[in-house]
Structures are given as C-alpha cells and as structure tokens.
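Here the structure comes first, spelled out in structure tokens, and everything after it is commentary.
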2 protein chains.
Amino acid sequence: MQVATWNVNSIRTRLTHITNWLQSNPVDVLCLQETKVIDEDFPKSNFEELGYHVYIYGQKAYNGVAIFSRTPLNDISMGFTPILGGTIGEKFDVQKRVITGVVNKTRIINLYVPNGSEIGSEKYEFKLLWLEVLKDYLKTLRDQTSQEFCVCGDFNIALEDKDIYDPKGKENHIMSTPAERQALQNVLSIGLKDAFRKFITEEGHFSWWDYRSAGFIRNRGWRIDHLYLTPKLYEKAISCKIDISPRKLEKPSDHTPVIVEF
Amino acid sequence: MQVATWNVNSIRTRLTHITNWLQSNPVDVLCLQETKVIDEDFPKSNFEELGYHVYIYGQKAYNGVAIFSRTPLNDISMGFTPILGGTIGEKFDVQKRVITGVVNKTRIINLYVPNGSEIGSEKYEFKLLWLEVLKDYLKTLRDQTSQEFCVCGDFNIALEDKDIYDPKGKENHIMSTPAERQALQNVLSIGLKDAFRKFITEEGHFSWWDYRSAGFIRNRGWRIDHLYLTPKLYEKAISCKIDISPRKLEKPSDHTPVIVEF
DNA sequence: GTCGGAAGTG
DNA sequence: CACTTCCGAC
C-alpha cells in the first residue's frame with residue numbers, strides 16, 4: 001500500500017498537476033494540504049473519475065485538507081473536536097487543518113500544521129499550542145483504538161539540521177527553532193517514527209522550496225513534509241521517497257509529494 | 001516612418017507580447033495606453049534593449065500612457081497642463097491620459113480617452129468634457145507650432161456605424177452615442193483626418209473586442225483605436241493597418257495594434 | 001462575464 | 001513569488 005502527502009497550495013490551481021501525477025503514481029491514498037477552497041467548490045469529480053473516494057475539509061482562501069483513497073475510508077472525522085470534545089474547536093478547528101480516516105486497519109491522519117509566521121508572533125505561539133493539542137488528539141485516538149497510524153502532512157518544521165539546505169544560516173528561523181522541534185518531538189513521543197529516515201539518513205533531501213529568490217533551482221530546500229508511522233507500520237515500511245518532479249513543472253506548488261510504501 | 005498605437009491593458013502583464021511584437025514590427029514610434037503602472041515600476045529596460053527611447057506618464061492601477069521611439073523625442077510633455085496652463089489639470093491630469101513629443105518635425109500625441117462607463121453617468125459627462133479640453137489642447141498646440149500632428153490612441157469612440165460589428169444593436173451604446181461622435185468630430189474639426197479610412201472604406205475592421213462572451217472569436221469588434229493626421233501628413237500616408245495577430249495570443253490585451261506609415 | 005491591480009498570508 | 005479575496009473597470 002502506498003500513501004502520499006502533498007501540500008498543493010490550491011487544489012484548483014494545481015488540478016492538472018495532481019491528476020497527471022496520480023495517473024503516473026496511482027497511490028492508494030493521497031493526503032493533500034492547503035486546498036484553499038470551500039467544500040462546495042472542491043473539484044471532486046476530477047478525482048472520482050480516477051477511481052478515488054474523496055474526503056474533504058476545506059475553508060475559503062486558507063488551509064483546507066483532503067484525503068483521496070482508492071477504497072472507501074471508515075471512521076472519518078474532521079478537526080480536533082470529534083476526538084477531544086469540549087470547546088477546543090472554537091480556537092483550533094476554525095482553521096481546517098485535520099482530517100482522518102481508516103483504511104485496511106490503518107488510520108491515516110492528514111495534517112496541515114500552522115506555519116507560525118515569525119518567531120515570537122501570535123501565530124508562532126498558536127503553532128506551538130496547536131502541536132500540544134495535536135499530541136492530545138493523537139494520544140486519545142491511539143488509546144481509543146488499536147489501529148496503526150500513518151500521520152502525515154505539512155508539518156512546517158524541519159526536525160534536524162540535515163533537513164535544511166543551510167542549517168547554520170537558519171539557527172533562529174521559523175520552522176527550525178528549538179521550541180518547534182521540541183513541540184514536534186513531544187508529539188512523536190507517543191510512538192511515531194519518520195518513515196523517510198528509515199531509508200535515507202544523509203542530508204540534502206527536501207520537500208519544500210521557497211518560491212522566492214529561485215529557491216528551487218538553487219536547491220535551497222527544507223524537508224518539512226513528513227510521514228510518521230507507529231512501530232508495527234514502521235517495521236512494515238519498504239520505501240519512502242520524495243518525488244521532486246512536480247516541483248519542476250510550470251506554476252508548481254512550492255511543496256512536492258512524499259510517498260511511503262508498506 | 002511607422003507609428004503604431006496599442007492599448008495594452010497593463011504593460012507588465014503584456015510585456016512579452018509587446019517585445020515580441022516589436023521584434024517582428026520594428027516601428028519607429030509605438031504609443032501605448034493603459035500601462036497601469038507607476039513610472040518607477042515601468043519595465044523601461046526591456047524596450048531600451050530593443051533600441052527604443054522610452055517616455056512614460058503613468059499612475060497606479062489605472063490609465064497610464066507611454067511613447068517608445070527609435071530616435072529621441074523633443075518637446076515632450078505630459079498632461080493638458082503644460083499646454084493649457086491654469087488649473088485644468090486639477091480635474092483632468094489626475095488621470096494620466098496624455099503624452100506628446102516631436103520626432104522628425106512631426107508631433108506625436110498619444111491619448112487614452114475616457115471610456116465613459118454608462119450613458120448619462122458622471123464618467124460619461126467627464127468623457128464629453130475631456131474631449132472639449134482635448135480640442136483646446138490640440139488647437140493651442142497647433143497654433144503655437146507649425147508641426148504636423150499624428151494624434152493617436154484609444155479613443156473609446158467608434159465614429160461611424162461601419163466601425164461596429166452590430167451598429168443596429170448599438171444605437172444607444174457607450175462609445176457610439178451621437179454626443180460622443182459629435183464631441184470627437186469637434187476635435188477633428190481643427191484639421192485631422194483618419195489615416196485608416198484613407199485606405200480602407202468598407203465595414204468590418206476592428207481594433208477592440210470585449211473580453212466577455214467570446215467577443216473576439218465571434219468577431220464582435222469595434223474600431224475605437226485611431227490615428228488622426230493633419231493634412232500634409234495625411235497626404236504623405238502610404239498605409240494604415242490593423243494587426244489582429246496579438247489579439248489571438250494567450251492572455252491578450254482586448255485591443256490590438258494599429259500602424260500607420262508615412 | 002472577464003479582465004487587471006491591491007492587500008494580506010505564507 | 002504565488003496564492004486568495006475584493007474591487008474597479010469595461
């Protein structure tokens with residue numbers, strides 16, 4: 001089974017990129033972030049025609065996540081609220097960043113972690129808080145079920161220096177501050193391991209390049225799109241790859257897909 | 001000598017269209033309207049590299065005119081104020097619609113006549129007033145000098161029924177009302193003749209097609225971009241042509257160039 | 001309806 | 001640099 005994650009930066013603008021990619025890469029599950037469209041306007045049929053069931057959780061202009069799956073998903077839920085209950089959603093589910101569903105006893109959890117804007121800003125604090133809530137969410141979900149998890153998405157965090165093209169120059173940069181890394185490590189402490197690092201340990205592999213200052217052609221990249229697996233699934237993983245080819249197309253997303261097979 | 005006029009509807013969006021066109025059509029003078037950019041951001045060097053001297057009179061987002069010339073222009077001025085003096089500019093030069101300069105003893109006057117929006121509206125009245133001021137401007141300029149004039153630009157007026165694809169359906173339409181036609185005839189009465197009509201008298205030749213409802217592919221056009229010449233220059237004119245090819249490109253301006261040779 | 005630019009976010 | 005919405009223009 002293959003699961004891919006891809007921040008597409010607008011499903012509508014990237015429509016042909018995504019359908020073309022799926023035809024060459026008929027993954028079982030595709031998790032998308034930054035769809036940037038309300039559910040009513042989501043171009044579902046384009047993907048249904050390719051044989052996918054489409055699950056969406058979108059909003060106007062910002063954020064928005066979706067899961068496409070060749071077989072129907074079970075136990076679908078959107079946002080933190082269905083799992084955590086209470087009023088947590090009033091603060092955290094206004095932004096549509098979380099969608100989950102189960103296929104083959106494996107729970108797919110698709111995330112779009114807040115970007116954080118600038119260190120110390122309100123958005124930065126929100127990102128750190130959001131990651132705390134995420135840990136609760138994952139822990140609760142894991143305790144409730146005996147499912148294996150594939151937690152994937154755009155984390156907007158490079159966990160290690162080798163995940164950044166110029167770590168020295170990025171020591172106090174958004175997406176690589178100690179606080180962000182610690183917050184993500186704390187999430188992973190519930191029992192999640194990075195599928196990519198099972199196979200590739202060296203530096204210089206990236207999933208995102210800034211549109212600005214020719215980030216891609218100078219390979220000034222970051223590895224911030226991740227697939228994290230619970231132990232049994234991690235053991236079963238047989239490959240994890242970044243496909244940089246969509247980033248080379250005309251009008252690309254700034255992110256490129258990452259695919260795990262298990 | 002060849003002089004062309006072209007409402008480009010944003011110099012920045014049309015940059016490659018214009019440079020490509022100039023390479024195939026190395027006219028001596030190109031008059032542009034609706035450049036839609038402040039002078040600071042005008043992409044001058046792209047045209048200087050092609051051997052043109054660039055004279056610009058722009059504003060933010062709307063209007064804006066420019067003249068490119070293979071040889072330097074003399075006696076350049078922008079707006080009505082330098083010629084008419086007084087406070088006329090407070091009302092009329094806020095919108096950047098007039099630029100002029102002299103080459104080979106011929107004065108090029110490049111105009112972007114107000115569109116007029118809807119009949120009877122404030123903008124419609126402004127258009128009619130603007131044309132009265134234009135007449136004063138041209139008369140004053142002509143009395144001051146012994147130059148021949150080439151008065152060109154987007155006039156937003158189709159002078160005759162045969163300049164419209166469907167004159168019957170446009171009897172009370174902006175750009176062809178009797179008042180607009182009369183106002184333009186009044187301007188021309190100072191001694192200006194339509195270069196295009198020296199060569200082509202039949203109907204069905206257009207320089208503008210509405211973006212809406214597939215105006216171009218259905219050839220629902222208007223001839224509203226004109227080159228008017230004073231008598232001696234008119235006698236010397238050897239051709240005047242509309243080049244519809246740029247209108248066929250991807251993301252075209254809604255107008256296409258008109259070229260006179262004398 | 002179909003453009004273009006502006007402002008805000010990433 | 002590239003998205004979005006909003007708005008003005010035509």
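Protein chains get the first letters and strands the later ones, always in sequence-line order, with residue 1 at the start of each.
Scored by the side-chain contact (heavy atoms from CB on, under 4.5 Å) test, B:I38 finds B:E40, B:D41, B:K60 as partners (sequence neighbours excluded). B:K123 meets the side-chain contact (heavy atoms from CB on, under 4.5 Å) test with B:S117, B:S121; sequence neighbours excluded. Take B:P252 and apply the side-chain contact (heavy atoms from CB on, under 4.5 Å) test, not counting sequence neighbours, and it matches B:R247.
One N or O on the side chain of B:T100 and one on the backbone of B:I108 form a donor-acceptor pair closer than 3.5 Å. Put simply, the side chain of A:Q33 never gets that close to the backbone of A:V65: no donor and acceptor are under 3.5 Å apart.
A:R220 places its CZ atom 13 Å from the P atom of D:dC1, with the value rounded to the nearest Å. In this entry the distance linking CH2 of B:W222 with P of D:dC10 reads 14 Å, nearest Å. Protein atom CZ of A:F216 is 16 Å distant from nucleotide atom C1' of D:dA2, rounded to whole Å. One can place CD of B:Q33 at 18 Å from P of D:dA9, the figure rounded to the nearest angstrom. For the pair B:M175 CE and D:dA9 P, the interatomic distance rounds to 16 Å; values are reported in whole Å. C:dT2 atom C1' lies 10 Å from atom CZ of B:R247, rounded to whole Å. Per the geometry, CD belonging to A:E250 stands 15 Å off P belonging to D:dC1, to the nearest Å. In this entry the distance linking CD of B:E180 with P of D:dC10 reads 12 Å, nearest Å.
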Dump the intermediate steps for salt bridge (Lys or Arg N to Asp or Glu O under 4.0 Å) on A:E160 and A:R181, then the final yes or no.
CA-CA 8 Å; A:E160 299 179 278; A:R181 288 177 172 178; over 6 Å; no

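Residues in residues 211-226 of chain A take part in these salt bridge (Lys or Arg N to Asp or Glu O under 4.0 Å) pairs, two or more places apart or across chains: A:D163-A:R223, A:D194-A:R223, A:D210-A:R212.
Annotation: side chain of A:V8 is not in contact with side chain of A:H255 (no heavy-atom distance under 4.5 Å). Using a 4.5 Å heavy-atom threshold, the side chains of B:R97 and B:L111 count as separate.
Near DNA chain C, meaning a heavy atom under 4.0 Å from it, residues 6-17 of chain A has no residue at all.
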Pairs under 3.5 angstrom, nitrogen or oxygen only, protein versus nucleotides 7-10 of chain C, please.
from	atom 1	to	atom 2	distance (Å)
C:dG10	OP2	A:K123	NZ	3.1

